[in-house]
Amino acid sequence: MSKVALLSMNGSTGKTLISTHLFLPRMENPTFFAVETINLSASDLGVKKVETLAGRDFGELIEMMVLEDNAIVDVGASNIEAFFAEMSRFDGAIEEFDKYVVPATPEAKSWKEALKTINALSRLGIPAEKIVFLPNRIENDPRDELPEAFEYLEETKEATIVENAFVYESEVFDYLTFHSMSFNELIGDNVDYRQLAKETKNKDKAREYAKKYRWTRQAIPVRNSLDITFAAIMGNDNHGG
């Protein structure tokens, strides 16, 4: 059983993309809760069933989560203050989640707000081993691209730094968002789009197959890296930051 909350005080950190493409396909039949009133929701990305609530509905969220073995709770930046305020009103509320995942991109505003979020979680009494700092939109090495954030977390030990857990920058995510598709839907059953492109006599169809070939080839290594990240976060590879 796993219940994961993704949250940050800053919007545009990729929480919903990470919820949809990293956690959803790798957890066993999870229920997806969007604590959001303004921004992009997982339903916009093709997730079939999303329970939508506001931050002030924390009591209702707890009630619904009791009935779930696995859950993903994507907390929008516009609702996070109400979410924290409500959380503090319930005894043992911090125990409702196994992991609190805080994504951050290399932009200064993003990682600074992520660190504020981590600090707020820590002040609520959530232990560092439950709070995961997740670098997102990484080109090569997260430590090189977010040095100040790593330095802060290694000094304060307010959250867990999970080695090998980060999300690469990739235009594949934009493609999937545009088409409201998952990685598995794109990659499919190992269809040989290159062969189909060569064999078809229809030029438009051939171009379509060639495009699909390009995107599946790009998607496979990204999906594989997400497998590694998920295993690192949810497995036993964690160590205190």
Side-chain angles (χ1 to χ4, degrees), residues 1-8 13-36 40-52 61 64-65 67-76 96-105 114 126 129-138 142 159-191 215-239 241:
M1 295 202 308
S2 293
K3 293 174 184 178
V4 178
L6 287 98
L7 60 181
S8 175
T13 58
K15 288 188 309 298
T16 302
L17 277 172
I18 289 167
S19 301
T20 302
H21 295 303
L22 174 60
F23 288 99
L24 186 63
R26 292 169 181 82
M27 291 171 68
E28 189 178 339
N29 196 29
T31 297
F32 198 115
F33 295 95
V35 182
E36 183 59 84
L40 180 79
S41 170
S43 55
D44 300 313
L45 301 179
V47 178
K48 302 296 184 283
K49 190 184 175 193
V50 179
E51 300 283 353
T52 304
L61 174 64
M64 294 168 81
M65 281 178 55
L67 306 173
E68 306 296 338
D69 288 334
N70 298 298
I72 298 164
V73 179
D74 176 13
V75 184
E96 295 297 325
F97 298 98
D98 301 292
K99 301 285 181 186
Y100 294 81
V101 178
V102 184
T105 70
I126 298 164
E129 59 267 23
K130 280 193 168 194
I131 306 171
V132 176
F133 175 67
L134 181 60
N136 184 28
R137 298 181 191 144
I138 299 302
T160 300
I161 293 170
V162 185
E163 298 300 337
N164 301 318
F166 61 92
V167 179
Y168 278 112
E169 172 68 67
S170 175
E171 57 188 350
V172 168
F173 292 111
D174 295 328
Y175 179 86
L176 295 174
T177 299
F178 182 79
H179 293 280
S180 296
M181 293 175 76
S182 68
F183 274 89
N184 290 342
E185 285 169 332
L186 173 61
I187 295 165
D189 301 317
N190 295 316
V191 176
W215 286 110
T216 54
R217 294 302 97 189
Q218 265 188 282
I220 288 168
V222 177
R223 184 185 65 176
N224 292 346
S225 74
L226 293 176
D227 287 340
I228 292 167
T229 292
F230 180 80
I233 292 172
M234 305 303 284
N236 299 313
D237 300 332
N238 298 359
H239 68 270

Taking all atoms of both residues into account, what is the closest heavy-atom pair of [X] and [Y], and its distance?
X      : Y      : answer
Glu185 : Ser180 : OE1-O, 4.1 Å
Ala165 : Ala232 : CB-CB, 4.2 Å
Gly14  : Asn136 : CA-ND2, 3.7 Å
Thr13  : Arg137 : C-NH2, 4.1 Å

Quick one: does [X]'s side chain get under 4.5 Å of [Y]'s, heavy atoms only?
X      : Y      : value
Val73  : Glu96  : no
Asp74  : Phe32  : yes
Lys99  : Lys130 : no
Leu176 : His21  : yes
Leu134 : Ile18  : yes
Thr177 : Leu17  : yes
Tyr100 : Leu6   : no
Leu186 : His179 : no

As an exercise, state the distance from OH of Tyr175 to OG1 of Thr216, rounded to the nearest 0.5 Å. 9.0 Å
Residues forming a side chain to side chain donor-acceptor pair (under 3.5 Å) with [X], sequence neighbours excluded:
X      : result
Thr105 : Ser110
Glu28  : none
Glu68  : Thr31

Just jot down the side-chain contact (heavy atoms from CB on, under 4.5 Å) partners of Gln218, sequence neighbours excluded, or say none. Glu171, Val172, Arg214, Trp215
Taking CG in Asn29 as the centre, count heavy atoms belonging to other residues, nucleotides or ligands within less than 6.0 Å. Is the count above 12? no
Quick one: side chains of residues 221-229, donor-acceptor pairs under 3.5 Å with protein atoms, not counting sequence neighbours, listed by atom name and distance.
residue	atom	partner	partner atom	Å
Arg223	NH1	Asn184	OD1	3.3
Asn224	ND2	Ile220	O	3.4
Ser225	OG	Val222	O	2.8
Asp227	OD1	Arg26	NE	2.8
Asp227	OD1	Arg26	NH2	3.0
Thr229	OG1	Phe166	N	3.3
Thr229	OG1	Phe166	O	2.8
Thr229	OG1	Ser225	O	3.3

Full working for side-chain contact (heavy atoms from CB on, under 4.5 Å) between Phe133 and Val162: CA-CA 7 Å; Phe133 175 67; Val162 185; over 6 Å; no
Across all chains, not counting sequence neighbours, the salt bridge (Lys or Arg N to Asp or Glu O under 4.0 Å) partners of Lys3 are none
So, Phe173 versus Phe183, ring centres under 6.0 angstrom or not? yes
With Phe33, which residues qualify under ring-ring contact (aromatic ring centres under 6.0 Å, His included), at least two apart? none
Would Val102 and Val132 count as a side-chain contact (heavy atoms from CB on, under 4.5 Å) here? Give the steps. CA-CA 6 Å; Val102 184; Val132 176; over 6 Å; no
Is it true that Ser2 and Asp98 share a donor-acceptor pair across their side chains at a distance under 3.5 Å? no
